[in-house]
Amino acid sequence: MAASPARRRRWEREQARLRTGLLEEDTEPWQKDPQFSGLHRVGGVDLSYIKGDESRACASLVVLSYPALEVLYQDCRMVPVTAPYVAGFLAFREVPVLVEAVQRLQQEEPQLQPQVLLVDGNGLLHPRGFGIACHLGVLTDLPCIGVAKNLLHVDGLVRDELHREQVRSLQRSGETLPLTGTSGKVLGMVLRSCSNSSRPLYVSVGHRVSLGTAVRLVRACCRFRVPEPIRQADIRSREYLRKQPCAPVEVLEAVPASPERWVCGQGGSAPGLSCSNGIKGTGRVTR
DNA sequence: GCGACAG
DNA sequence: ATCTTGTCGC
């Protein structure tokens, strides 16, 4: 894709502002949101892929402390990939191995269970209102938040010039913009997560978290543009691939999938997190 | 009709 | 997601 003159100008302007020190690290107490006083562990997941390899990937699950954002747990391993990537069907490609990772954590270090999970991709901001963050949330019964770095075109939302202009209007970190589809529903929020990057994040409800809480929590986890849990998971999986590109796929120990795991609503929401999302399809599942 | 469209 | 070089700045 050829860089448009306009985009290049914006980039140069951003660089210039960086050089002159107009954009500085956030100094605001982004981790001190009183709403999250009961929050101690935030999880993040990510998969890294190898260029010409459609059958393997490196999956990682990390758990960070809050508000210190230090890595308490990490699980990084080669996993088999069965489905291709198709926009709108990401969950079918990544969720299976992520569920197994969460189950391993629950088995081996239950005390490190995250109170909320940040997922690469969308939740409600999805053609069928059920993106990977919803999918993973329901299967693990963990509160999940969808964090995408690009806009998925859905319900009339497109990354056209108008959208780019709206994104440009987000000047300071923490500023948001609702993503309202043609249907009139607010499907997510555009979030400028840090002052150093003009590229936003697309936050949406995954499971058992309200949109407002999701946005504040994501921002509370941002040292850089990508929230630390996802960033740490990303760093670990690509570093693993860099060092051991030929690592064999691990034989996955079949954790018995007891139906109880799929029955949600037995635990409350994470301490300090409001859990009302009022969204059909991602609420509690009662068999 | 064709193409855009999370990772 | 991945492929890539240098460049600028703290």
Side-chain angles (χ1 to χ4, degrees), chain A residues 1-3 8 11-27 44-61 78-79 81-98 118-137 144-164 179 181-182 187-191 194-197 199-206 214 218 223-227 230-231 233-242 245:
Chain A
M1 54 184 104
R8 197 164 58 86
W11 184 83
E12 289 170 348
R13 180 164 48 82
E14 199 74 7
Q15 293 300 308
R17 296 174 68 186
L18 276 168
R19 276 193 295 276
T20 52
L22 290 179
L23 293 177
E24 298 176 350
E25 274 298 334
D26 294 348
T27 54
V45 292
D46 186 55
L47 268 73
S48 289
Y49 298 92
I50 311 168
K51 186 186 173 186
D53 193 335
E54 281 301 299
S55 66
R56 301 182 311 147
C58 182
S60 63
L61 162 64
M78 295 301 299
V79 296
V81 172
T82 54
Y85 169 70
V86 180
F89 297 86
L90 175 64
F92 296 96
R93 180 172 167 87
E94 301 195 339
V95 153
V97 296
L98 293 178
L118 302 191
V119 186
D120 241 318
N122 302 117
L124 292 179
L125 181 53
H126 182 272
R128 288 162 294 285
F130 204 79
I132 186 170
C134 304
H135 205 135
L136 185 60
C144 281
I145 297 172
V147 182
K149 295 179 285 295
N150 294 287
L151 179 64
L152 177 59
H153 292 192
V154 55
D155 195 13
L157 295 171
V158 289
R159 185 167 151 277
D160 52 14
E161 194 47 49
L162 171 60
H163 178 264
R164 296 180 186 187
L179 282 167
T182 304
L187 302 177
M189 287 282 212
V190 188
L191 167 69
C194 76
S195 55
N196 289 345
S197 177
R199 291 192 60 192
L201 253 29
Y202 299 91
V203 179
S204 59
V205 164
V218 166
R223 282 181 166 148
F224 306 101
R225 182 171 85 108
V226 175
I230 289 179
R231 182 169 165 268
D234 178 68
I235 289 173
R236 281 162 172 72
S237 56
R238 42 202 307 176
E239 186 67 3
Y240 186 102
L241 281 186
R242 192 183 67 80

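In the text below, chain A, chain B and the rest are named by the order of the sequence lines, each starting its count at 1. Computed from heavy atoms alone, side chains included, the values below leave out hydrogens, waters and symmetry copies.
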Legend entry - Spacing of L90(A) atom CG relative to dA1(C) atom P, expressed in whole Å: 11 Å
Inset, instruction - State whether the side chain of R93(A) and the backbone N or O of A83(A) hold a donor-acceptor pair below 3.5 Å, judged by distance alone. - result: yes
Legend entry - Six-ring centre of Y49(A), R238(A) cation under 6.0 angstrom, axis tolerance 45°: no
Inset, instruction - Look at K51(A) and dA1(C) and indicate whether a side-chain polar atom (N or O) is within less than 4.0 Å of OP1 or OP2. - result: no
Legend entry - side-chain N/O N150(A) vs dC5(B) OP1/OP2, d < 4.0 Å: no
Legend entry - M189(A) CE to dA6(B) P, straight-line distance once rounded to whole Å: 22 Å
Legend entry - Touch class at under 4.0 angstrom, heavy-atom based, for L151(A) against every strand present: sugar-phosphate
Inset, instruction - In whole angstrom, give the distance that lies between atom CG of D46(A) and atom C1' of dA1(C). - result: 9 Å
Inset, instruction - Assign N122(A) to base, sugar-phosphate, or nothing according to its heavy-atom contacts below 4.0 angstrom with the strands shown. - result: base
Inset, instruction - May I ask you to say what A87(A) touches in the nucleic acid, namely base, sugar-phosphate or nothing, with a heavy-atom cut-off under 4.0 Å? - result: base
Inset, instruction - Figure out the NE2/P separation between H163(A) and dA4(B), and round it to whole Å. - result: 18 Å
Legend entry - F92(A) and H135(A) aromatic ring geometry - parallel, tilted or perpendicular at 30°/60° bounds: perpendicular
Legend entry - Distance in angstrom units between I132(A) CD1 and dG7(B) P, rounded: 10 Å
Inset, instruction - Using atom CZ of F89(A) as one end and atom P of dG7(B) as the other, report the distance to the nearest whole Å. - result: 17 Å
Legend entry - Distance below 4.0 Å between Y49(A) side-chain N/O and dG7(B) OP1 or OP2: no
Legend entry - H126(A)-Y202(A) aromatic ring centre distance below 6.0 Å: no
Inset, instruction - For L179(A) and dC5(B), give me the distance from atom CG to atom C1', rounded to whole Å. - result: 14 Å
Inset, instruction - Mind calculating the distance between CZ (R236(A)) and C1' (dA1(C)) to the nearest angstrom? - result: 20 Å
Legend entry - R56(A)/D53(A) salt bridge by N-O under 4.0 Å criterion: yes
